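Encoded as structure tokens, the structure appears first; notes follow it.
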Amino acid sequence: MPDFHGAVASDVDDRGKGGTTIQHGTVRRLGDRVFQALSTWSGVAILIMLALVATFLVWQGMPALTTPADELPYGAFPQFVAPLLFGTIWTAVLALIMAVPVAVSVALFISYYAPRGLAASLGYVIDLLAAVPSVVYGLWGIGVLAPALQPSFVWLARHLGFIPLFAGPPSGTGRTILTVAVVLAVMILPIVTALSREVFLQTPRLHEEAALALGATRWEMITIAVLPFARPGIISASMLGLGRALGETMVVAMVLSPSAVISFALLTSQHPGTIAANIVLSFPESYGLGVNQLIATGLVLFVITLAVNMIARGIVDRHREFSGAN
Amino acid sequence: MSKRIDVTDLNVYYGDFKAVEDVSLTVEPRTVMAFIGPSGCGKSTMLRTLNRMHEVIPNAYVEGSVKLDGDDLYGPGVDPVRVRRQVGMVFQRPNPFPTMSVADNVLAGVKLNNKRISTSKSKELLENSLRAANLWHEVKDRLDRPASGLSGGQQQRLCIARALAVQPEVILMDEPCSALDPISTLAIEDLIGELKESYTVVIVTHNMQQAARVSDMTAFFNLSAQDKPGRLIEIGTTDKVFSNPDRKATEDYISGRFG
């Protein structure tokens, strides 16, 4: 048995010699130093990569902006990029409009309505959707979706043609802006669903119970306790989806045969392409200033994607006080 | 307002597990009933069966009956949503909706079911509810500020105001002061004294002084062993239970000779 009294006595003895006085200086062990270095350099590396990409785009894209229009293979840059930019944003926004309500509904169903077994398998299927390569979606768009949708395009153009959105003549192949938007919507569905579901899982039980105890039905509980809490998360999820739709290349390149027009019409074969698809379609046969022009369109895509993310961040921040984060 | 609660031969189950066994008790209108007992004795579960909040746990069910002025809360075709409109609840930790302002929190329950309410009427209800919760003077200048900016004690009184705004018959409180400092606790206890003028109040508390201070009747719950269901050991006026209990277990618990 250790001599307890002896141990106490020796502690008392040490006190006078400074053994137990508190020394100055921060305590940093090996783990702190390694982790700090690692995390700092990871952060710096991302910034460097972003800067390198931006520099490359500006440097290689600049000739397209400074050279006189008549020397450029694709004509004046603003006129060249405008329909592509329009097509990029238009298809992505359409996809988002279709995907987000479905994604949020599916996430709510999985989180609050589905029996446990079904919820798990449904979540698994949704995740599987994300694993399908985009080439496969492109093939599906051409081979299945376009022919399947074509008759409904004819119907829409005949009965709702007075609305400019649905103005005819409808495409004979079904390969339209709307078809692409539907495929894109299916593609971004998994990520928006998965992220929304994560957000719903984080809704504090306390708030759900508060709503129920007031006599809220399931749906009322979702509207007063879950959705307001999840709003910033849903916006972030949507923006990630939008980012993917903006940059999606293969599907658009495979399904659309674009022309240089700016038109909201969803059903006609006269429609714009997108920046990413145009780059991949035109690159093999481009040379000299043509390449610079394509890279300049890439710069435009880069800038609007950054802008989208900043706007999303702004929306999330605007209601920070009411976010429940404090 | 204020109704009588009659619990008869109540058993509460979570799936196969029997959490509470064979409880019968009555809470008179305009009184405060305190549920006391050690952790895990089923007193919170018992409280939640009074507004069917235990049903948020899947597979929870009860046998027996709980009647509110004779209406069986578990009768066929009774929706828990309707039960909870009549039996309000305040939780252990303050839980105002963080995304809402102070005013919206108070009116959250009233605005459910798309019930339309005129601006003047909602203002009146807002003020009355906050006054009834002794919170009006502290928040009247920041009704449109986020509720999360209030102190813990204020948030808890806001939750009480929110429960009062739907004009329930009964108010249940599940350890309402356990997350609060002594001053806020005192404010809530004073409030309970005022609430019993108009409501039937049932409170679960770990704090025996609190039970002695605020309640008219006390029910002591205990469990004979781990994993055994909780049972009602003794019920009576608070004076009787605290000064001259009939059962040895009650006396041991109240005097701190527990376990």
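A note on names: the letters A, B, ... follow the listed sequences, proteins ahead of strands, and every chain is numbered from 1. Just so it is clear, the structure is predicted and the values come from calculations on it, not from any experiment.
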Taking everything shown except [X] itself, do over 12 heavy atoms lie less than 6.0 Å from its [atom1]?
X        : atom1 : result
B:Lys121 : NZ    : no
B:Ile183 : CD1   : no
A:Arg116 : CZ    : no

Residues in residues 180-209 of chain A that sit under 4.5 Å from chain B, counting heavy atoms only: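 Expected list: A:Arg205, A:Leu206, A:His207, A:Glu209.
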
Which one wins on heavy-atom pair count under 4.5 Å against chain A: B:Leu172, B:Val56, B:Val83, B:Val87? B:Val56

What residue, out of B:Arg162, B:Arg93, B:Met89, has the most heavy-atom pairs lying under 4.5 Å from chain A?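 With the most close heavy-atom pairs to chain A, the winner is B:Arg162.
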
Is chain A contacted by the side chain of [X], its backbone, both, or neither, given a heavy-atom distance below 4.5 Å?
X       : answer
B:Val90 : neither
B:Pro80 : neither
B:Arg48 : side chain

Provide the closest heavy-atom pair for [X] versus [Y] in the form atom of the first, atom of the second, distance.
X        : Y        : answer
A:Ala210 : B:Asn95  : CB-ND2, 3.3 Å
B:Arg85  : A:Gly215 : NE-O, 3.9 Å
B:Thr99  : A:Pro228 : OG1-CB, 3.2 Å

Say you draw a straight line from OG1 of A:Thr217 to CZ of B:Arg82; how long is it, rounded to the nearest 0.5 Å? 11.0 Å

How many angstroms lie between CG in A:Leu214 and NZ in B:Lys111, if you round to the nearest 0.5 Å?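 Taking CG in A:Leu214 and NZ in B:Lys111, the distance rounds to 13.0 Å.
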
Side-chain touch B:Leu112/A:Ile224, heavy atoms, less than 4.5 angstrom: yes

Under 4.5 Å heavy-atom distance to chain B, tell me which part of A:Arg218 shows up: side chain, backbone, both or neither.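 For A:Arg218, no heavy atom lies under 4.5 Å from chain B.
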
